[in-house]
**Student:** 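Just dropping this structure here.
Numbers for residues simply follow the sequence, beginning at 1. All values below were derived from every heavy atom in this structure, side-chain atoms included, with hydrogens, water molecules and symmetry-related copies excluded.
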Amino acid sequence: MRMESKLSAGQILGGRYKISGIIGSGGMSHVHLAEDLRLPGKRWAVKECVTAGPQYGNVQAEAELLISLNHRRLPRVADFYPPDDDGYSYLVMDYIEGITLAHLMTANPGPVPGAAILEFAVQLLEVLQYLHGHHPPIVYRDLKPSNIMVNGQNELMLIDFGIARSFRIGGTEDTVKLGTVGFAAPEQYGDGQSQPVSDLYGLGALLL
């Protein structure tokens, strides 16, 4: 069941971010476009999530993870509002001009040109190399068309770190089994711990 948003157009979050409207929705989250009242002309994406119980840690972990990262193919985090009494939390991130790869493929049915596939593969490998180069490595775990933004210059950006995690040395399996059917590696379903090669499996599935 899709969550109801507590934000509406014209509402101001934290005395700074004026909501323009919803630009994307998922099962337990909405993404809003917002104007920065302190920096005229600056726009942000506000991810609104509903969390309860242990899910709070996932939202907090996503915020802390993104704050620690710095790469041109990843959104930067400007602000984080922890869950309120109703379990609603807000993550303020870079607004990325463009559409998801899923929407691009829907709008352009048929085979994707080989040159475009290679170009996208190189860009995704670039950001995966950055994530996997951390100590311990950061495993994205959800590489799929709807989590990749494409701008007008065919530049990609990876979004939604909701189920990303750091590799646990000595671990035998993931604490929570998460991923998208058709893209997630077998170990994400309980056969082992997800690790950098799990993302390469997802990349292979994506390219296919």
Side-chain angles (χ1 to χ4, degrees), residues 3 13-14 17 23-32 34 44-84 87-96 98 100-101 123-149 155-180 183-185 187-188 192-203 206:
M3 61 167 274
L13 175 66
Y17 307 102
I23 54 177
S25 295
M28 295 300 290
S29 67
H30 295 293
V31 178
H32 304 261
W44 300 98
V46 177
K47 183 177 180 181
E48 176 185 34
C49 301
V50 174
T51 55
Q55 288 186 333
Y56 166 78
N58 292 341
V59 174
Q60 183 79 30
E62 179 181 5
E64 293 176 352
L65 178 60
L66 283 171
I67 289 171
S68 72
L69 301 177
N70 182 20
H71 192 277
R72 66 193 185 99
R73 302 204 185 281
L74 300 175
R76 296 171 301 158
V77 170
D79 235 328
F80 175 63
Y81 297 85
D84 59 18
Y88 281 70
S89 62
Y90 303 92
L91 190 61
V92 183
M93 302 176 290
D94 281 331
Y95 169 62
I96 304 168
T100 66
L101 182 57
Q123 294 184 44
L124 292 172
L125 285 169
E126 175 189 328
V127 68
L128 288 179
Q129 182 180 39
Y130 169 74
L131 294 174
H132 297 165
H134 281 70
H135 301 285
I138 295 171
V139 187
Y140 181 69
R141 297 205 299 169
D142 206 15
L143 201 60
K144 59 183 179 182
S146 60
N147 281 347
I148 299 169
M149 292 293 294
E155 291 284 333
L156 304 186
M157 288 195 73
L158 207 54
I159 60 174
D160 199 341
F161 274 68
I163 68 170
R165 61 188 293 275
S166 294
F167 178 71
R168 291 180 294 112
I169 298 175
T172 57
E173 63 179 47
D174 292 348
T175 305
V176 181
K177 282 64 178 177
L178 291 172
T180 301
F183 297 95
E187 55 268 24
Q188 291 182 235
Q193 181 186 187
S194 55
Q195 50 192 300
V197 293
S198 306
D199 285 339
L200 296 183
Y201 179 103
L203 176 61
L206 174 69

**Student:** Measure the OH-NE2 distance between Tyr90 and His30 for me, rounded to the nearest 0.5 Å.
**Tutor:** 9.5 Å

**Student:** Heavy atoms, side chains only, cut-off 4.5 Å: are Val77 and Leu69 in contact?
**Tutor:**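 Heavy-atom side-chain distance check fails, nothing below 4.5 Å.
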
**Student:** Got a donor-acceptor contact below 3.5 angstrom from the Asp199 side chain to the Val139 backbone?
**Tutor:**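 Checked: no pair found.
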
**Student:** Test of understanding: with side-chain hydrogen bond (donor to acceptor under 3.5 Å, both in side chains), list the residues that count as partners of Thr100, not counting sequence neighbours.
**Tutor:**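 For Thr100, the residues satisfying side-chain hydrogen bond (donor to acceptor under 3.5 Å, both in side chains) (neighbours in sequence not counted) are His103.
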
**Student:** Could you work out, with side-chain contact (heavy atoms from CB on, under 4.5 Å) as the rule, every residue matching Asn70, not counting sequence neighbours?
**Tutor:**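 Once residues adjacent in sequence are excluded, the partners of Asn70 under the side-chain contact (heavy atoms from CB on, under 4.5 Å) criterion are Tyr130.
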
**Student:** For a quick test of reading the model, state the closest non-hydrogen atom pair linking Glu187 to Ser194 and the distance between them.
**Tutor:**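 That closest heavy-atom pairing would be CG-CA, 3.9 Å.
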
**Student:** Using a 4.5 Å cut-off on heavy atoms from C-beta on, say whether the side chain of Asp94 contacts that of Trp44.
**Tutor:**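 Side chain of Trp44 against side chain of Asp94, heavy atoms only: contact under 4.5 Å found.
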
**Student:** Could you measure the distance from the CD1 atom of Ile67 to the CZ atom of Phe80? Nearest 0.5 Å is fine.
**Tutor:** 8.0 Å

**Student:** Within the 4.5 Å heavy-atom criterion, are Leu156 and Val127 side-chain neighbours or not?
**Tutor:** no

**Student:** Who are the side-chain contact (heavy atoms from CB on, under 4.5 Å) partners of Ile96, not counting sequence neighbours?
**Tutor:** Pro75, Met149, Met157, Ile159

**Student:** Within this structure, what is the CD-NE2 distance for the pair Glu48 and His32, rounded to the nearest 0.5 Å?
**Tutor:**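 Answer for the CD-NE2 pair, Glu48 versus His32, is 4.0 Å.
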
**Student:** Within the structure provided, determine whether Val46 and Asp79 are in side-chain contact (heavy-atom separation under 4.5 Å).
**Tutor:**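 No; the side chains remain at least 4.5 Å from each other.
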
**Student:** With sequence neighbours left out, write down each residue that passes side-chain hydrogen bond (donor to acceptor under 3.5 Å, both in side chains) with Glu126, or none if nothing qualifies.
**Tutor:**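 Arg72, Arg73.
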
**Student:** Nearest 0.5 Å please: distance from the CG atom of Leu125 over to the CG atom of Leu200.
**Tutor:** 7.0 Å

**Student:** With a 4.5 Å heavy-atom cut-off, do Leu206 and Phe183 have their side chains touching?
**Tutor:** yes

**Student:** Can you tell me if Asp142 uses its side chain to pair, donor with acceptor, with the backbone of Asp160 under 3.5 Å?
**Tutor:** no

**Student:** Can you check whether Ser29 reaches Cys49 side chain to side chain, under 4.5 Å on heavy atoms?
**Tutor:**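 When only atoms from C-beta onward are counted, Cys49 and Ser29 do touch, with a gap below 4.5 Å.
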
**Student:** To the closest 0.5 Å, what do you measure between OH (Tyr81) and CG (Leu13)?
**Tutor:** 4.5 Å

**Student:** Got a second to check how far Leu128's CG is from Leu143's CG, nearest 0.5 Å?
**Tutor:** 6.0 Å

**Student:** What residues form a ring pair (Phe, Tyr, Trp, His ring centres under 6.0 Å) with Tyr201, not counting sequence neighbours?
**Tutor:** none

**Student:** Could you pull out the closest heavy-atom pair between Pro83 and Ser89, with the gap in Å?
**Tutor:** N-CB, 3.7 Å

